[in-house]
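Written out below as structure tokens is the structure these notes cover.
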Amino acid sequence: MQNRAAVIALVVPCYNESAILEESARTLSAKLDEMAASALVDASSMILMANDGSTDNTWEIISRLHDEQPGRFSGIRLAANRGHQAALLAGLMESRKHAEASISLDADLQDDINVLPQFVTEYLSGHDIVYGVRSDRSSDTFLKRTTAQGFYRLLGWMGVKTIYNHADFRLMSRRALDALSEYREVNLYLRGLVPLIGFGQAIVTYSRKPTSRPTHYPLTKMLLLAWDGITSFSVRPIRIITLAGLVALAVCIAMLLYVLYSKFFGYTVAGWTSLTVVILLFSGIQLVSIGIIGEYIAKTYMEVKQRPRYLISERLEPCSGDNSK
Ligand code: UDP
Ligand code: MG
């Protein structure tokens, strides 16, 4: 089918992964060897680890791996912890220098690396973006499963185009990554950005394994990501406010008519209770509305600043040549 081997990079964001990184790196390297043996990928394919300001000795492990096999392992070190999305982007942007296609995956190897050959096959047959899509979520905790599914539904309802059950396990060609680099936003939500790029896209399904260590994505970080996903991609919350404002206006007019009617026909006018209710109700709506509008203003403010999304403090460049020990 394909008649050439692809030079690929596996991009792994790493935040405090010292407990498992070494083993994950060996597993990934063995997988690359296996794919190279079947002439699917070039032997110079490599693993790029993006250290996201870890506070343990993750960077030391990356440096050691690089010393042992500079052609196979490379790394970048972010100057501070910027979060999974920024670390991933940094790694992907860097990987363009060394590979024609990059595959992003988590350091705990929860995503089934046995589908990597399928990713590469899809790439070689002309797809620029290949999404890993989970066929089931039985390995997730109940909380993670329900929150994640609720989130996808909410995003869909908000009009954000996403691939259902796809996290950040995907292959992107250099061309697609170049396109991604054109998106300059600071509030990163890669899963929302990538489908906007276009080119040829394909899907590979897999089942996700239970994690080997506690998650580095606690509920708070997940909610923040969800919030970024919605407010960076959808203006529907603002539309909802407008709609709520219109409904409130209609209610006000109805009440006004009632008050006027009461006055002219000599009934007791609306007293303290109704006044209080009205004040509470509308000040509540106003506060929520101002809050949400404020959120968008805050986002605009951050985007206007054009701050760098990450800074790299060190680089371990891969050296060409021998990948066998
Ligand atoms: N990660 C990161 N920066 C962070 C948090 C996480 O680079 O601030 C990395 C982490 O090392 C891992 C990936 O993001 O490679 C996903 O994290 P985790 O496996 O904890 O998330 P989950 O699988 O629970 O979604
Ligand atoms: Mg994980």
Side-chain angles (χ1 to χ4, degrees), residues 9-28 31 47-62 65 73-95 102-113 116 131-134 136-152 162-170 186-191 206-229 309-314:
L10 302 178
V11 177
V12 187
C14 305
Y15 175 62
N16 291 350
E17 297 288 10
S18 60
I20 53 149
L21 191 57
E22 189 117 27
E23 198 195 322
S24 296
R26 306 264 174 238
T27 312
L28 287 176
K31 193 73 199 172
I47 297 159
L48 191 155
M49 285 168 277
N51 178 32
D52 184 20
S54 298
T55 51
D56 63 358
N57 62 344
T58 296
W59 182 246
E60 283 67 41
I61 295 174
I62 298 172
L65 287 165
F73 297 106
S74 64
I76 52 170
R77 181 181 197 176
L78 300 202
N81 179 252
R82 301 306 310 268
H84 169 244
Q85 298 285 297
L88 183 55
L89 183 73
L92 287 172
M93 292 300 116
E94 188 73 11
S95 71
S102 307
I103 300 174
S104 48
L105 68 176
D106 290 354
D108 57 355
L109 302 191
Q110 273 189 281
D111 303 306
D112 187 6
I113 60 166
L116 293 182
Y131 299 102
V133 168
R134 301 171 64 167
D136 72 284
R137 283 188 164 262
S138 49
S139 65
D140 275 347
T141 60
F142 176 75
L143 181 72
K144 182 116 188 175
R145 192 161 59 229
T146 35
T147 49
Q149 259 155 12
F151 172 52
Y152 283 115
T162 47
I163 308 287
Y164 188 67
N165 269 350
H166 159 70
D168 285 301
F169 185 35
R170 78 176 86 80
V186 176
N187 298 288
L188 270 183
Y189 184 65
L190 293 172
R191 277 168 244 181
Y206 71 102
S207 67
R208 191 167 151 114
K209 298 195 206 95
T211 184
S212 48
R213 52 143 178 77
T215 180
H216 292 162
Y217 248 108
L219 190 62
T220 44
K221 271 196 188 175
M222 253 169 57
L223 289 176
L224 276 176
L225 184 70
W227 186 242
D228 264 350
R309 293 178 286 190
Y310 52 80
L311 297 168
I312 295 170
S313 64
E314 263 178 81

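Ligands are counted one by one from 1 in listed order, and the atoms in each one are counted from 1 as well.
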- Residue Cys14 vicinity, atoms of ligand 1 by number, heavy atom under 4.0 Å: 7 (O), 11 (O)
- Query: Based purely on interatomic distance, does Leu105 place a nitrogen or oxygen under 3.5 Å from a nitrogen or oxygen of ligand 1?
  - Reply: no
- Query: Of all the atoms in ligand 1, which lie at a distance below 4.0 Å from a heavy atom belonging to Lys221?
  - Reply: 4 (C), 5 (C), 8 (O)
- Task: Using a strict cut-off of 4.0 Å, indicate which atoms of ligand 1 neighbour a heavy atom of Glu17.
- Result: 10 (C), 11 (O), 12 (C), 15 (O)
- Message: Quiz question: by atom type and distance under 3.5 Å, do the side chains of Asn51 and Glu314 form a donor-acceptor pair?
- Response: no
- Message: Looking at every non-hydrogen atom in both residues, tell me the closest pair between Ser102 and Ser95 and how far apart they are.
- Response: OG-OG, 2.6 Å
- Item | Donor-acceptor side-chain pairing of Ser207 and Asp112 below 3.5 angstrom | no
- Message: With respect to Ala87, determine whether any N or O atom, backbone or side chain, lies less than 3.5 Å from an N or O atom of ligand 1.
- Response: no
- Task: With heavy atoms under 4.0 Å as the rule, classify the contact between Val12 and ligand 1 as side chain, backbone, both or neither.
- Result: neither
- Message: Checking side chain to side chain donor-acceptor pair (under 3.5 Å) between Ser18 and each of Asp56, Thr58, Thr55, which is the one that passes?
- Response: Asp56
- Provide the atom name of the closest N, O or S atom of Asp108 relative to the Mg ion (ligand 2). OD2
- Query: Looking only at heavy atoms, what is the nearest atom pair of Asp111 and Asp106, with distance?
  - Reply: OD2-N, 4.0 Å
- Short version for Asp108: what comes under 4.0 Å of ligand 1, heavy atoms counted, is side chain
- Message: Between the side chains of Asp52 and Arg82, is the shortest nitrogen-to-carboxylate-oxygen separation below 4.0 Å, so that they form an ion pair?
- Response: no
- Message: Using a 4.0 Å cutoff against the non-hydrogen atoms of His84, which atoms of ligand 1 qualify?
- Response: 1 (N), 2 (C), 3 (N), 4 (C), 7 (O), 8 (O), 9 (C), 13 (C), 14 (O)
- Please state which part of Arg82 comes within less than 4.0 Å of ligand 1, counting heavy atoms only: side chain, backbone, both or neither. neither
- Message: Please check: side-chain N/O of Gln85 versus main-chain N/O of Leu190, any donor-acceptor pairing under 3.5 Å?
- Response: yes
- Item | Side-chain donor-acceptor pair present, Tyr15, Asn81, cut-off under 3.5 Å | no
- Task: Taking only heavy atoms of Asp52 into account, list the atoms of ligand 1 that are under 4.0 Å away from them.
- Result: 2 (C), 3 (N), 4 (C), 7 (O), 8 (O)
